[in-house]
Amino acid sequence: MKQYTRVYAGIDLDAVAHNMQVMQDGLSGGARMIGVVKTDGYGHGAVPVARTIDPYVAGYAVATIEEARNLQLHGIRKPILILGATHPSRSRELAEYCIRPAVFTMEQAEALSAAVMELNRERGKDDGTAYIHLAVDTGMSRIGLSCDEEGARLAAAIGRLPGICVEGIFTHFARADETDKSSALRQWERYRRFIGMTEAEGLTVPVHHVANSAAILELGETHWDMVRAGISIYGMYPSDEVARTGQRLKPVMSLHSFVTYVKDIPEGSEVSYGGTFKAKRRTKVATVPIGYGDGYPRNLSGKGSVLIRGQRAPILGRVCMDQIMVDVTDIPGVCTDDPVTLIGRDGEEQITVEELARTGGGFHYEIVCDIGKRVPRVYVRDGRVVGTKDYFADLYEDFLTP
Ligand SMILES: *Cc1c(COP(=O)(O)O)cnc(C)c1O
């Protein structure tokens, strides 16, 4: 493996497998899991995560056609569902690649039906089918059929279109991650009532799925046929209000860098843009080559800290695009090339993504999604490095090999 000397993210695939096992052990009845790997697997790398969770899942969920195709082109064979809206003009691709869209309008459904029929004509067969999952709006007001008689009639009408098979029907919780589950349970009741209405209209659907990570962990009664595991795959809890009971999830991503420069500055010196930090004493400053250009949150300016030699070093002044400065006055012996942990554990100390979110006033889901293309991912399985994902790897191939 290439030795990274600036910054890299460690992705612990053993922790991914552990988290899947923890969730599997908690599933109600015969519920199966859908692995949500949108936004490149919440920034962890969709393909290596998908391969790791494959033994645990019935299928995958993503946000776009491109994400679905990326999985397929990397050999993922199980069904893939697109959770958001897909434009009707892309129906042909959905049909051709057998990607499951979330459907909630007649216009989408008719376009897909037409695309399947066209494909069948071209292929000289009559049994090609497009599998869809109907989205139902039970309280998010985002996408989905309206949760009433009209919506139920529309669902049934979509199910009667030629070439269309309604494989699944789902809804999404807005507030399952809160201690008070009354809002989520109202959504659950609306969903069940809606399923009753669609059945009365003559539509029966094999797969019902509702639960996100929060509901997987805390609302066992909503597991039904399948659940959609997202943030918990990556070892994070949906919110601070979700109880940490039983087997704990393990964090998957760590973030590492190295000291590039160490120096003493006299009392009164300012550090970084805007001079927001002014030294009250002679201060030993270490420079670390990571910044908001790597997705390290700028809102940690003057608030966050990093780990060096097992100790906390506070961030001095503003986070720059590519570098930060930290206070190492109280950490003996810090020198150039010392490892720096921005997320993860170093000795007794640990910095979690949740801590970064809390400290900076950000959101933990967003922090991992935002870790950028400039940060190579290093994958560990069975305790050893099994691969890397490096956005600039092709550069080395093209320019540096003779
Ligand atoms: C992103 C998403 C999920 C996963 O949510 P987590 O909170 O990460 O578990 C599930 N369902 C839908 C519809 C989503 O958009």
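It should be emphasised that the depicted structure is a prediction, and the values quoted were computed from it without experimental measurement. Positions are given from 1, in the same order as the sequence printed here. In listed order, ligands and their atoms are each counted from 1.
- In terms of N/O distances under 3.5 Å, ligand 1 is approached by S213.
- A184 and A176 get closest at one heavy-atom pair: CB-CA, 4.0 Å.
- Between atom 2 (C) of ligand 1 and the options M236, K38, H209, R228, the minimum heavy-atom separation is to K38.
- In this pair, H208 and W224 present their aromatic rings parallel. The plane angle is below 30°, not in the 30 to 60° band.
- No hydrogens or angles considered: a donor-acceptor pair under 3.5 Å links the side chains of D25 and Q21.
- Heavy-atom proximity to Y42, at under 4.0 Å, picks out these atoms of ligand 1: 1 (C), 4 (C), 5 (O), 6 (P), 8 (O).
- Of all atoms in ligand 1, listed by their number and element, those nearer than 4.0 Å to a heavy atom of R142 are 13 (C), 15 (O).
- Close N/O approach between G230 and ligand 1 is found [any backbone or side-chain N/O within under 3.5 Å].
- Atoms of ligand 1 found under 4.0 Å from any heavy atom of I231 (numbered from 1 in listed order, with element): 6 (P), 8 (O), 9 (O).
- Side chain of T222 to main chain of A211: no donor-acceptor pair is present (N/O by atom type, distance under 3.5 Å, no hydrogens or angles).
- Enclosure of atom NZ in K181 by more than 12 non-hydrogen atoms of other residues, nucleotides or ligands within 6.0 angstrom is indicated.
- No side-chain donor-acceptor contact under 3.5 Å links R69 to the backbone of E67.
- Atom 7 (O) of ligand 1 has Y365 OH, 2.6 Å as its closest protein atom, hydrogens excluded (heavy atom only).
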